[in-house]
Amino acid sequence: IVFKTLQYRIMSHSAEDLVVKVLNEMGMARPEVHSDVKHGFVLEFSHIPEIDLDELEENMKKLIEADLPLSYHDEEHIKVGEEIITCTGPRLHVSSTGEIKNFRLLKEYKWDPINQLYMIAGLVGHRK
């Protein structure tokens with residue numbers, strides 16, 4: 001199963017880092033928690049982010065369409081084009097933003113009662 005899901009995990013991790021980049025450009029602080037879900041990721045915040053999720057998704061799709069190269073920079077960073085951004089797993093990425101297929105955000109915030117944080121989820125790949 002590891003090999004069957006590898007393409008989705010790599011796309012998900014790349015999309016997760018790019019969403020954090022776009023959130024930062026939209027004036028948001030980094031999420032408190034990053035988690036994985038099947039074919040996607042979850043970002044958690046101490047308060048509901050005051051951003052438009054449709055705008056966030058649209059900005060992400062533009063970044064994906066730009067087909068910028070993604071590459072390892074060091075143990076804590078990757079390069080998106082020529083920009084260096086923070087990353088927790090810099091060796092696990094697609095080689096360009098255009099390789100992220102069928103990116104979409106769930107358009108509502110969910111409450112995580114265990115961590116007492118608000119979540120946004122992003123998905124990649126085929127819809128099931």
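Just so it is clear, the model here is predicted, and its values are computed rather than measured. All residue numbers in this chain count up from 1 along the given sequence.
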Minimum side-chain heavy-atom gap [X]-[Y] below 4.5 Å:
| X | Y | value |
| --- | --- | --- |
| M11 | V94 | yes |
| I120 | Y109 | yes |
| L43 | M119 | no |
| P31 | E44 | no |
| D17 | K21 | no |

State the [atom1]-[atom2] distance between [X] and [Y], to the nearest 0.5 angstrom.
| X | Y | atom1 | atom2 | value |
| --- | --- | --- | --- | --- |
| H93 | E16 | NE2 | CD | 8.5 Å |
| E58 | K61 | CD | NZ | 7.0 Å |
| Q7 | H39 | CD | NE2 | 8.0 Å |
| F45 | L23 | CZ | CG | 5.0 Å |
| L56 | I51 | CG | CD1 | 4.5 Å |
| E76 | I85 | CD | CD1 | 13.5 Å |

Answer yes when [X] and [Y] have at least one side-chain N-carboxylate O distance shorter than 4.0 Å, and no when they do not.
| X | Y | answer |
| --- | --- | --- |
| K110 | E108 | yes |
| K79 | E83 | no |
| D36 | R9 | no |

Find out if a path of hydrophobic residues (ILVMFWY) with successive side-chain heavy-atom gaps under 4.5 Å connects [X] to [Y].
| X | Y | answer |
| --- | --- | --- |
| V80 | I100 | yes |
| L6 | L70 | yes |
| F103 | M26 | yes |
| L63 | F41 | yes |
| V20 | L18 | yes |

Between the side chain of [X] and the main-chain N/O of [Y], is any donor-acceptor distance below 3.5 Å?
| X | Y | result |
| --- | --- | --- |
| S35 | V42 | no |
| H13 | G89 | yes |
| T86 | H77 | no |
| E57 | L105 | yes |

| said: Can you confirm whether the side chains of E99 and S95 place a donor and an acceptor under 3.5 Å from each other? | reply: yes
| In terms of side-chain heavy atoms, does S96 have a donor or acceptor partner in D67 at a distance below 3.5 Å? | yes
Residue pair [X] / [Y]: nearest heavy atoms and the distance that separates them:
| X | Y | value |
| --- | --- | --- |
| S12 | G40 | OG-N, 3.2 Å |
| A15 | V124 | CB-CG1, 4.0 Å |
| D112 | I114 | OD1-N, 3.0 Å |

| Parallel, tilted or perpendicular: ring planes of H126 versus Y8, cut at 30 and 60 degrees | perpendicular
| request: Under the side-chain contact (heavy atoms from CB on, under 4.5 Å) rule, collect the residues that match up with Y118, sequence neighbours excluded. | output: I48, W111
| field | Residues in side-chain contact (heavy atoms from CB on, under 4.5 Å) contact with E75, at least two apart in sequence or another chain | value | Y72, R91
| field | Linked hydrophobic residues, L117 as query - side chain contacts closer than 4.5 Å | value | V33
